[in-house]
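Let me begin by presenting the structure, written as structure tokens, before commenting on it.
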Amino acid sequence: DAGVTQSPTHLIKTRGQQVTLRCSPKSGHDTVSWYQQALGQGPQFIFQYYEEEERQRGNFPDRFSGHQFPNYSSELNVNALLLGDSALYLCASSLGRGREQFFGPGTRLTVL
Amino acid sequence: AQSVTQPDIHITVSEGASLELRCNYSYGATPYLFWYVQSPGQGLQLLLKYFSGDTLVQGIKGFEAEFKRSQSSFNLRKPSVHWSDAAEYFCAVGANFGNEKLTFGTGTRLTIIP
């Protein structure tokens, strides 16, 4: 049973570019949450998707957007990249309003 | 708004010694509390969780945590640490049903010395 998978593992972009990160939830899960973890910090909640809709959003600008597909996989898009967007981006999946989020290994984004 | 404080940025413990990592939370209702562990370059692994009931919860790898409502704390303990326990530990609080956003502390880095 595959856990949460994310791609790519690492990514290097330059300021102003756009990036798309991908996440496949754990088998049987239908809810995907995205977190940003800056170096030396705890993860910060970006948003959560359920039934292909954004259900909850953290304190992130509109440059951060997402999508959930019918197969429950999800994408995180970041436009107009800033140096401060460099971080580990973590995807977590869960089942409906279940009580446990399972995390993927993350995508390390470096913005130069 | 919910928040988590982990007052210890870095803790060093000898192998075989006991461990306690501190976590204080702020949340207006009954909290859902979690401890996660993160090895370098890895994602987060859930160690244990508290939703309700018995205030002493057991987790994986021999860890346990105690919920103390009066102190707004959820400290993580282990009676005897192993070198493989060296990692970053995060305490988190969840909102409704535990499936809404998780708010994490800044983490405690654990170093194990022989």
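As a basis for the values below, the full set of heavy atoms in this structure was taken, side chains included, without hydrogen atoms, waters or symmetry mates. Naming convention: chains lettered A, B, ... in sequence-line order (proteins, then strands); numbering from 1 in each chain.
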Next item on the list: Locate the shortest heavy-atom distance separating L44(B) from P43(A); write the atom from each residue and the value.
Entry: CD1-CG, 3.8 Å

Check: Rounded to the nearest 0.5 Å, how far apart are CD of Q48(A) and NZ of K101(B)?
Finding: 11.5 Å

Check: Quick check: are there more than 12 heavy atoms from other residues, nucleotides or ligands sitting under 6.0 Å from OH of Y72(A)?
Finding: no

Margin query: Atom CD1 of residue position I9(B) - does it have more than 12 heavy atoms of other residues, nucleotides or ligands inside 6.0 Å?
Written below: no

Next item on the list: Identify which part of F102(A) has an atom lying under 4.5 Å from any heavy atom of chain B, answering side chain, backbone, both or neither.
Entry: neither

Note to self: Check this for me: N59(A), atom CG, are more than 12 non-hydrogen atoms of other residues, nucleotides or ligands nearer than 6.0 Å?
What the structure shows: no

Note to self: When you compare the side chain of Q44(A) with that of L102(B), does any pair of heavy atoms fall below 4.5 Å?
What the structure shows: no

Next item on the list: Look at the side-chain heavy atoms of Ile, Leu, Val, Met, Phe, Trp and Tyr, link any pair under 4.5 Å apart, and say whether F64(A) and L90(A) land in one connected group.
Entry: no

Note to self: Test side chain to side chain contact (heavy atoms under 4.5 Å, CB included) on F90(B) and Q37(A); report intermediate values, then the result.
What the structure shows: CA-CA 12 Å; F90(B) 293 95; Q37(A) 185 179 18; 3.3 Å; yes

Notebook entry, point to check: Has R57(A) got more than 12 heavy atoms of other residues, nucleotides or ligands less than 6.0 Å from its CZ?
Noted result: yes

Next item on the list: Could you please spell out the steps behind the ring-ring contact (aromatic ring centres under 6.0 Å, His included) verdict for F104(B) and F45(A)?
Entry: CA-CA 9 Å; F104(B) 286 84; F45(A) 176 77; over 10 Å; no

Note to self: Do W83(B) and V13(B) sit in one hydrophobic cluster, given that two such residues count as connected whenever their side-chain heavy atoms are within less than 4.5 Å of each other, even indirectly?
What the structure shows: no

Margin query: Do E100(A) and Y32(B) have side chains that approach each other closer than 4.5 Å (heavy atoms only, starting at C-beta)?
Written below: no

Notebook entry, point to check: Taking everything shown except L39(A) itself, do over 12 heavy atoms lie less than 6.0 Å from its CG?
Noted result: no

Check: If you round to the nearest 0.5 Å, how far is CD of Q38(B) from CZ of F103(A)?
Finding: 9.5 Å

Notebook entry, point to check: Can you say whether I46(A) sits under 4.5 Å from chain B via the side chain, the backbone, both, or neither, judging by heavy atoms?
Noted result: neither

